[in-house]
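Chain A is the first sequence line, chain B the second, and so forth, proteins listed ahead of strands; every chain is numbered from 1.
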Amino acid sequence: MYRVVLASRKTVEWIGLLIVGFLFVFPFLWMASTAFKTMPEVLQFPPTLLPETWEWSNFAQAWESGPFHMFTWNSILVAVGILILQFLTAVPAAYAFARYKFPGRNLLFGLVLIVLMIPGQVIFLPIYVQLSGWGLINTLWSLILPYAASAFGIFLLRQAFMQVPDEVIEAARLDNASEWKIMWTIMVPMAKPVLVTFGLFSFIYHWNDYFWPLIMTNSDEARTLPIGISSLHMSDGGTLWNVMMAGNMILILPILVIFFVAQRHIIKAFIYQSK
Amino acid sequence: MFSMKKTGTILCALTIGLSGVLAGCGSSGKEQSASTGGTSQPAASTASSGPVQIDFWYALGGVRGKTIEDMVKKFNETHKDIIVKPAYQGAYQENHSKVLASVAANNNPDVTMVEIASIAAFADAKVLEDLTPYSQGDEKKYIPGLMKNSYWKDKLYAVPFNRSTPLLYINRDMLKEAGLDSNGPKTWDELVSFSQKLSKKEGDKITRYGFSTPVDIWFYEALVFQGGGNILSENGKELTINNEAGKAPLELWSKMVKEGIMKNPPGENYNAWDVAEQDFLNQKVGMIFTSTGSLTELKKNAKFDMGAAFLPANKTLGTPTGGANLVMLAKSTDAEKKAAWEFMKWMTDTEQTVPWSIASGYMPVTTEAIDSAEMKAFYEKEPNFKVAVDQLQYGYPRPMAPGYKELQDVIQKELQRAMLGQATVDEAMQAATEKGSKLLKK
């Protein structure tokens, strides 16, 4: 009797999870299905779930509507460049906040937290003017430099570093390891799941970012994928939604691949955090 | 997430070290900035020996953006002493913010598209160059009905480029089937009676609506004009919609929605436009208001006899015009301004505006274009395209006030509140007027 109740409870749980899972996946599936439809089918009512004819040429049409190889290359340079700089700045900063006592530490950390709460749109103008003064507008630098330090990264890594037991560090110090060495060869490997998670957040955010590249760049040479795709959208109606969705599929493909590869680390990071 | 001052200096060092890794991006970008930076160096213009280079920012994506790029290419091929660099900058709103930022940072474009209701804001902020010394009477070639949004305080600041009016789109097959005049309703009363006959119910469920329109400021403006009203007072300092003419559109729409003969399409801003157009194409609604700019695409996708008609009249016929104008920026150098005018003149000339109009559905902007044999032949074949031009005789300018961009958001929010039943018509107009007056006093 008890076993039956348990089994049926499991079934209910499963069904619940499936429903919730489907709700989250549905918009994505809808995009994928639209990307393969012909335009008349997109406008058809009631809508079809699967395309009646698979229109592969949508992808070619999206890709050929602009210099997409250049956009892709720029997107990679920007997202990876930001990631590298953020690691180089966030690791020492987080280590200092987590492991050193110095005057003004709490104040400084408070400032970092404040930065977390200010949306980029609010302060874009002074940054724009500053970058313009340096002649960096319309270059990839204007997309990378403003994000070279990440408050979120510092915050996340500080939490991870604080959880490393004191004994580990003391033992290393007894063996005459330099602070630099402790930081990179002991702390960083121990915080690997958090680093991977942060890396993913950062990469996805900057890969998808639309506002900043749109504001900072004026010509295709310095533009990224999201802008290329948004230019497929017409302002006064008449957008080719199938081509638009094909463009979006191209945009998110790399992210999906990375996500599936790194999935294990993300789950680990959250378990690690909640301990 | 942004660098603080301290990290800035460290970063400079870091980036120099990294420049090997990212060399590809730095060099290609540098060239760009050197060329656009010309605006801040007056020396460049006096010592100019080669062609003048100017930047042109536009705000139309998709096929239309492509047409614009092709036009610019043609201009560059035919003008050896000028190089125009076109760049897409997002929709009107995004381009608007970007132009303002670029002016503050001294790397503004030389020519850009500005949505007509924003002309006053730009002119008032002294961002735009007075075009009178350049045009020298040449502006008379444009259709007078399109010029009312080109002036601010009696100075010419803009020339019409991609211009539109709202139209009533009708499903002629559906109208005929219901035994109605297939030319569409002529008055508000007819709009209601037509909609009643076109709407269908199955049990409690409405399966077809007679009419649908995005609850958008643009269509509201049209309906206010039709009641003999105006959005702003003559001096542009007061909101004048808390009266009969201002309330009538909302009363009409909410009455039709309550009766189940008009659909209020859901979605923010342009999403609601998309919904209305798709419902129309799917024959879920019989008639919609939308821009003449949608004509080409709607025609291509409609599987029925689609017609365009004047917006129905209340006390009078009336329509705002819409779309964008071309402007020149005040901060450019003299040489750039001269080149900029050459370009603006060329883009809006009959020879360009005719194919542009045929390809995009926007109106041609010169009187000569309307009378041209090519346009006449096209209108003969596609009479729907002529409706917007004919309707221009009842055209009004969009309200001109520096704060109108913010003001229209305020009004639109109140319109939607009333449509969703969160406020009565009186409350909504009262609230819009109060909030609006504050903006206008700024």
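- For the set A:Asp220, A:Thr217, A:Val243, the count of heavy-atom pairs under 4.5 angstrom toward chain B peaks at A:Thr217.
- Using a 4.5 Å cut-off between heavy atoms, B:Lys300 makes no contact with chain A at all.
- Taking 4.5 Å as the limit, some side-chain heavy atom of B:Gln89 sits within range of a side-chain heavy atom of A:Asn218.
- Interface remark: B:Ser360 contributes no atoms to any contact with chain A (heavy atom separation under 4.5 Å).
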Which atom pairs, donor and acceptor, lie under 3.5 Å between side-chain atoms of residues 111-120 of chain A and protein residues at least two apart or in another chain?
none

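- B:Lys98 and A:Leu214 get closest at one heavy-atom pair: NZ-O, 2.8 Å.
- Between atom OH of residue B:Tyr88 and atom OG of residue A:Ser219 there is a gap of 15.5 Å, rounded to the nearest 0.5 Å.
- Taking CG of B:Asn107 as the start and CG of A:Leu136 as the end, the distance is 11.0 Å to the nearest 0.5 Å.
- If you measure heavy-atom distances from A:Ser142 to chain B, you find no contacts under 4.5 Å at all.
- Of all the heavy atoms in B:Ala104 and A:Leu125, the pair that sits closest is CB-CD1, 4.4 Å.
- For the atom pair CZ (A:Phe211) and OG (B:Ser97), the distance works out to 7.0 Å, reported to the nearest 0.5 Å.
- Across every non-hydrogen atom of A:Phe124 and B:Ala101, the tightest pair is CE1-CB, 3.7 Å.
- Rounded to the nearest 0.5 Å, atoms OH (A:Tyr210) and CD (B:Glu94) are 3.5 Å apart.
- The minimum heavy-atom distance linking A:Ser132 with B:Ala105 is given by the pair OG-O, 2.9 Å.
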